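Below: the structure, in structure tokens.
Here the structure is a predicted model, which is why all the values come from computation and not from measurement. Scope of the values below: all heavy atoms of this structure, side chains included, with no hydrogens, waters or symmetry mates. Residue numbering restarts at 1 for every chain, and letters A, B, ... go by the order of the sequence lines.
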Amino acid sequence: MNRDQLIWIVLFAVGAAALLGRAVLTEQGMGREYIRQTVTPAGGTEFLPATYGDYVRAEQAQPGQTEYRFSRARTIGLWLAAFFTLAVFSFLYSDNPFYKVAESVLVGVSAGYWMVVGFWDVLVPNLIGRLWPSMVQAWAMPGLAGAEAQRNLWYIVPLVLGVMLLWRLAPRGTWIARWPLSFIVGTFAGLQLIGFLHGDFLAQIRNTILPLAVFEAGAFDFWASVRNLLIVGGVLCAVTYFFFSFEHKGAVGRVAKVGIWFLMITFGAAFGYTVMGRIALLAIRIEFLLDDWLWLIDPSRRRAVSMLLQGIWG
Amino acid sequence: MKRTVPLLITAVVGFTLIGAYFVPYTQSWGETVAIWFDVLAAIAFILGGGNLLRSHLKKISDQQRGWAYSIIVLASFLGTLFVGLGKIGVAPSPQFLEYSWSGPYRQTGSAFWYFYQYAFQPLTSTIFALLAFYIASAAFRAFRAKNLEAILLLATAFIVLLGRTFAGVALTGWIDPANWEGFRHFTGLRLENLTVYIMAVFNTAGNRAIMIGIALGIVATSLKILIGVDRSYLGKD
Amino acid sequence: MPQTGWFDPTRIWFFGLLVMLCGAVLAYIFAARRGMRINVRRIAGLEAVDDAVGRATEMGRSCLYIPGVQDMNDIQTIASLTVLARVAKTAAEYDARVEIPTTRSLVMTAARETVQAAYLAAGRPEAFSPDQVYYVTDEQFGYVAYVQGLMVRERPAACFYMGSFFAESLILAEMGNSVGAIQIAGTAQPAQLPFFVAACDYTLIGEEFFAASAYLSGEPDQLGSLKGQDVGKLIVGAGIITGVAAETIAGLTGSVAVRSFVDFLINRVLT
Amino acid sequence: MGAFLRDQWWVVAIFIATLVPLVRRFASAGVMEGLRTLDRRWIFLLMLWSVLLPIYFIGVTGRTFPEVPSALARATFDEIDRLAPGDPVLLSFDYDPASEGELQPMATAFVKHCAEKKLKMYFMALWPVGPQMVQNTVDRVIRADYPNLVYGEDYVNLGYKSGYEAVIRVITTNIRELYTTDARGTAIQDIPMMKGITSVQQMKLIINVSAGYPGVKEWVQYGATPYPAVHLIAGTTGVQAPLVYPYVPRQLRGLLGAIKGAAEYEKLVIDTYGGPNPDPKYLEGLRRMGPQLVAHMLIIMLIIVANVLYFTEKRAARRPSTGSGRPERAEGR
């Protein structure tokens with residue numbers, strides 16, 4: 001049994017003991033979800049998320065009330081989410097069965113998720129809804145009305161292309177599937193040629209036309225002029241770096257060298273700037289573990305039953 | 001026949017859409033084609049889903065290494081698909097109570113919502129959170145002053161990082177006209193102002209040049225595809 | 001619609017630029033076909049492709065090619081497939097195993113066609129197996145979770161990240177580095193370039209990524225198109241220099257003529 | 001701090017226990033050698049602790065980490081502080097729940113500051129879900145801590161109007177043309193504080209909390225630039241901040257960028273109007289900055305240590321006597 005497995009077992013034992021102790025010994029316990037049952041205007045019942053604090057206050061006000069209730073399904077879900085979070089973090093130490101389970105569930109659920117989204121958000125409204133509006137209206141989209149409800153025969157084109165695409169699964173004639181592919185490639189090669197040329201190429205040249213001598217209410221503003229010179233010079237040098245026809249030697253080499261300096265400063269700044277966002281992502285996950293699951297901390301006072309009990313967390 | 005027709009389709013469709021951009025009546029063709037693409041991509045899910053099923057079923061039947069996990073993939077995939085397409089646990093929308101399928105498929109409390117809330121969302125956000133760890137290990141390994149470019153990369157990242165903490169502001173807080181009149185000209189050197197200057201000047205210039213280069217690259221790549229110089233995506237004859 | 005004519009007058013200058021640029025690219029392609037010598041500068045990342053695949057073959061480990069996380073409606077994904085054609089051909093010649101997990105069904109279909117043709121072009125059609133190219137999931141982070149696990153278990157010797165990437169770029173690059181792979185990345189997403197530059201061995205920055213397939217093919221007409229792009233850069237240089245000069249002169253002398261020229265340039269030509 | 005160490009001894013014990021093997025390794029192999037062959041998983045552990053411990057410390061004690069407001073945050077604060085009680089102020093909340101993490105602390109601090117200064121607050125929104133954000137902030141701040149402020153006399157929620165920047169262009173000249181009623185549907189004439197208000201130019205200050213388009217860029221182009229007398233300050237997400245820096249200070253007199261800007265502004269508001277122990281909802285930004293500060297420090301340390309290691313290795317490599325380091329793989333740019 002090598003060192004890794006020993007560490008896993010130790011971690012496991014300490015973790016399990018702590019969780020058990022926490023759930024049983026402390027009076028508030030941990031990791032429980034509550035719901036609030038409300039009647040919707042149309043008569044159906046709806047379950048809104050509620051906190052342990054709401055539940056205890058409601059119990060104090062009227063013991064045995066049923067509006068705020070403990071929800072077993074959501075509690076199981078909470079513990080599942082906590083397991084998945086820990087399983088993914090465990091990969092940082094080493095690849096292990098828990099991570100493989102989490103990875104498999106994620107691949108399966110996410111593939112299924114996007115296919116369901118594709119069906120209900122694209123196929124039903126944009127294909128079936130356009131070709132057989134009455135059928136969709138009777139089945140899943142009663143609200144369909146107005147221009148959307150008229151049949152639009154143009155949508156035969158994507159249907160035909162779609163069938164051609166699926167012909168790949170047929171034993172013979174799979175070459176037909178290339179037609180929809182070439183249709184897609186052709187359209188987006190054309191669209192993006194225009195889009196990038198007009199949006200990026202022209203716009204960036206226009207934005208770089210700046211005066212090298214800046215006058216602020218008559219007076220010559222030295223620093224603003226230096227700023228514009230740096231921007232214009234930087235763009236020209238960096239564009240020179242991308243030249244293909246000349247080797248980076250001699251005069252072109254020196255200009256390209258200045259250009260790569262600008263690019264490196266750009267990359268360094270962008271790297272430093274995004275660090276804060278990434279750390280916020282980790283902080284949110286750890287707050288989920290400590291607050292929602294383990295009930296160790298309660299920064300937003302969701303489980304503070306009343307100011308009286310403030311003492312415990314004080 | 002198998003290759004000339006697709007090439008023809010690509011060229012005709014591509015140049016038509018380029019032309020359509022300049023004729024007032026046809027400027028909306030771009031959006032219509034984009035909607036058609038979404039439909040086509042949704043239909044193509046069948047190919048993707050089919051491939052997913054086939055490759056994992058094959059892994060199970062051949063008992064390849066890790067086949068047990070393939071069972072989990074298939075179970076969660078088919079489970080999510082069944083629950084989502086079947087709108088399990090979705091109450092019909094209030095205005096159309098008699099249409100049982102009218103409720104939104106993402107309704108809170110439905111089974112599909114449960115899969116999203118307690119599996120999809122925690123897993124994806126935790127994988128995203130791994131980035132914080134990888135940024136730290138990348139900082140330790142990659143930011144070494146090997147040559148001038150690496151020094152510029154590391155120095156800028158260092159300044160921006162420092163500028164975003166209170167230590168950075170405190171470190172150069174003494175450059176304050178209140179302490180000495182002469183500092184008035186040097187306030188630009190305070191760390192947070194330096195960060196602003198770097199972002200507003202160097203970052204702007206660098207990104208502009210990259211975007212100009214990309215636009216030119218796209219023009220050439222698209223043209224090569226439209227006139228058939230590049231046809232690798234079409235496969236063999 | 002204010003205009004009734006067949007041509008939108010507000011876009012006439014843009015049309016002129018389009019014709020000039022496309023004309024330059026086409027002119028150089030056909031000139032190259034007629035035998036004009038095309039010499040282009042070295043790009044370190046692209047010369048490393050061959051020895052990366054070679055290294056993988058020596059060590060008996062696989063290559064991993066990731067065509068970005070976008071669908072076929074992104075030109076970067078299509079450009080990535082043209083690079084995949086060259087890399088797959090090299091892999092076929094070296095008899096190295098290249099694995100291509102994809103995150104979109106259409107990309108899987110097109111990539112399978114591309115790799116099959118590449119193996120045929122390398123004269124080893126029998127070495128191609130459809131399972132090399134497979135669909136994982138449409139979700140960006142589900143895909144990265146799978147690839148991350150794959151890297152640790154398969155320990156590929158060479159990793160290619162070519163195409164459109166978002167936040168997951170650093171996860172891939174750091175994981176690849178930890179398994180000791182040579183990593184060559186190419187993307188036209190400016191926001192992800194810093195992470196690839198920091199964590200990969202070679203990075204193709206924006207336009208260099210689009211030039212990759214031309215470089216790796218070495219065919220004259222492909223290289224010709226790069227010359228056409230250089231003409232575009234000359235246009236950029238000319239446009240900026242004249243604009244800045246006119247703007248500065250207009251500011252210094254305050255002459256109305258120059259000022260109207262600058263306004264004409266900015267509001268007519270460059271919009 | 002002492003109380004924390006005593007009460008939460010078990011957390012501190014675990015923290016030290018996990019680092020003992022690392023310290024032992026440094027002791028046995030020497031710091032330089034230990035660093036050169038440092039397993040990256042130790043860096044992961046350090047990052048985990050540098051985020052987890054601050055969250056736990058702040059969560060349990062309620063205290064926050066130090067924060068020194070920058071000149072830009074002070075300028076934003078002064079723009080509100082210089083106003084007199086009763087001055088009209090327009091607050092436009094153009095964000096949604098997705099960007100609430102970075103922007104809600106700013107919105108809460110802005111409203112608390114205006115309420116303390118007894119300014120007349122006119123809320124509006126260019127995003128469809130904006131009025132909901134206004135309602136949340138009003139309930140959290142005004143209704144909870146300033147019950148004496150009366151709706152219709154001290155603050156009013158004009159609600160959302162579609163039309164993106166066209167809305168700004170109209171209300172800067174004639175506000176009544178678009179806003180005939182407030183978000184609750186009561187007519188403008190029946191709202192006491194709207195008497196005499198015909199356009200946004202009469203506002204002493206415009207405060208914009210923005211997550212994208214339409215947002216601060218449109219407010220600068222159509223709200224502030226054409227009317228130099230109108231002062232505009234804004235709070236925005238980290239991604240958008242660099243795009244609007246060029247407008248500071250001429251068109252945009254104050255700017256708070258990302259959670260850091262929110263924390264700096266909160267510190268200024270709490271120090272002047274917070275009182276002895278401020279309500280935790282006014283420390284949201286400062287609370288979130290805890291892990292950011294320690295994690296940034298860790299990354300800065302890692303860069304420094306990496307380079308110290310690199311230079312000692314390079315100097316050692318020049319003297320052939322010492323062993324050479326790991327074969328450096330071909331280093332490209």
Side-chain angles (χ1 to χ4, degrees), chain B residues 18 21-25 27 34 37 40-41 44-52 55 58 65-66 120 123-125 127-128 130-131 133-135 137-139 141-143 153 157 206-207 210-225 227 229-230 232-237, chain C residues 1 3 6-8 11 15 21-22 25-26 29 71 73 75 78-79 81-82 85 104-106 108-110 113-114 116-118 120 131 134-135 138-139 141-142 144-145 167 170-171 173-174 177 188 190 193 195 197-199 205-207 209-211 213 221-222 225-226 228-229 232-233 236:
Chain B
I18 291 177
Y21 188 71
F22 296 98
V23 176
Y25 306 108
Q27 271 162 357
F37 172 78
L40 219 49
F45 270 142
I46 297 170
L47 294 177
N51 180 268
L52 187 76
S55 55
K58 188 161 165 311
R65 196 165 54 85
F120 182 92
L123 280 166
T124 46
S125 51
I127 295 277
F128 205 171
L130 291 184
L131 271 170
F133 296 104
Y134 290 143
I135 270 201
S137 66
R141 188 180 43 71
F143 280 76
L153 185 79
N207 273 328
I210 294 173
M211 284 158 76
I212 288 173
I214 288 168
L216 288 171
I218 287 175
V219 167
T221 307
S222 300
L223 257 180
K224 282 190 286 182
I225 288 169
I227 60 171
V229 167
D230 247 333
S232 46
Y233 63 91
L234 278 182
K236 64 181 179 353
D237 290 349
Chain C
M1 216 47 112
Q3 310 86 0
W6 275 97
F7 191 83
D8 181 347
R11 291 185 173 161
F15 184 72
L21 263 182
C22 296
V25 171
L26 294 175
I29 287 180
D71 210 335
N73 59 350
I75 195 77
I78 301 170
L81 291 184
T82 55
R104 294 283 197 259
S105 317
L106 286 170
M108 172 196 76
T109 320
E113 297 271 342
T114 308
Q116 196 162 14
L120 184 70
D131 296 341
Y134 53 91
Y135 170 81
D138 258 57
E139 168 56 36
F141 290 111
V144 149
L170 185 62
I171 297 180
E174 267 300 299
N177 185 279
L193 284 167
F195 302 111
V197 165
I205 301 171
E207 197 177 0
F209 161 61
F210 286 111
S213 75
D221 49 10
Q222 289 268 17
S225 72
L226 301 181
Q229 289 174 36
K233 291 179 199 107
V236 167

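With chain B as the partner, the residue from C:Ala188, C:Gly206, C:Ser213, C:Ala85 showing the most heavy-atom pairs under 4.5 Å is C:Ala188. Of all the listed residues (C:Lys233, C:Arg104, C:Glu139), the one sharing the greatest number of non-hydrogen pairs under 4.5 Å with chain B is C:Glu139. The choice from B:Leu131, B:Ile210, B:Leu52 that makes the most heavy-atom pairs within less than 4.5 Å of chain C is B:Leu131. Interface remark: of the candidates B:Ala139, B:Gly213, B:Ala142, B:Gly213 forms the most heavy-atom pairs closer than 4.5 Å to chain C. Among the candidates C:Asp131, C:Ile171, C:Ile29, the residue making the largest number of heavy-atom pairs closer than 4.5 Å to chain B is C:Ile171. The candidate with the highest count of non-hydrogen atom pairs below 4.5 Å against chain B, out of C:Gly228, C:Ala118, C:Ala167, C:Ala173, is C:Ala167. Contact count versus chain B (heavy atoms, under 4.5 Å) is highest, among C:Val144, C:Asp138, C:Val236, for C:Asp138.
B:Ser137 and C:Glu174 share a side-chain donor-acceptor pair at under 3.5 Å.
Between C:Gln229 and B:Ala220 the shortest heavy-atom distance is NE2-CB, 2.9 Å. The two residues C:Leu106 and B:Ala41 make their nearest non-hydrogen contact at CD1-CA, 4.1 Å. Taking each heavy atom of B:Thr221 and C:Phe210 in turn, the nearest pair found is OG1-CD2, 3.4 Å.
Of the two parts of B:Leu123, neither the backbone nor the side chain holds a non-hydrogen atom closer than 4.5 Å to a non-hydrogen atom of chain C. At a 4.5 Å heavy-atom cutoff, the contact between C:Asn73 and chain B is made by backbone and side-chain atoms alike. Proximity to chain C involves both the backbone and the side chain of B:Leu47, based on heavy atoms less than 4.5 angstrom apart. Both the backbone and the side chain of B:Tyr21 come within less than 4.5 Å of a heavy atom of chain C. If you measure heavy-atom distances from C:Ala199 to chain B, the contacts under 4.5 Å come from both the backbone and the side chain. At a 4.5 Å heavy-atom cutoff, the contact between C:Ile78 and chain B is made by side-chain atoms alone. The part of C:Ile75 that comes within reach of chain B is its side chain, from C-beta onward, which places non-hydrogen atoms under 4.5 angstrom from that chain. If you measure heavy-atom distances from B:Ile218 to chain C, the contacts under 4.5 Å come from both the backbone and the side chain. For chain B, the nearby part of C:Thr109 is the side chain; its heavy atoms alone come within less than 4.5 Å. Interface residue C:Phe195: only side-chain heavy atoms are found under 4.5 Å from chain B. Residue contact with chain C, scored on non-hydrogen atoms closer than 4.5 Å, involves the backbone and the side chain of B:Ile135 alike. Within the 4.5 angstrom heavy-atom criterion, atoms from both the backbone and the side chain of B:Tyr134 approach chain C.
To the nearest 0.5 Å, the span separating CD on C:Glu207 from CD1 on B:Ile212 amounts to 10.0 Å. Atom CG of residue B:Leu216 and atom CG of residue C:Leu21 lie 6.0 Å apart, to the nearest 0.5 angstrom. To the nearest 0.5 Å, atom OH of residue C:Tyr135 and atom CZ of residue B:Phe45 are 5.5 Å apart.
Aromatic ring orientation, C:Phe7 versus B:Phe22: parallel (interplanar angle below 30°, classes split at 30° and 60°).
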Side chain to side chain contact (heavy atoms under 4.5 Å, CB included) assessment of B:Lys224 paired with C:Asp221: CA-CA 9 Å; B:Lys224 282 190 286 182; C:Asp221 49 10; over 6 Å; no

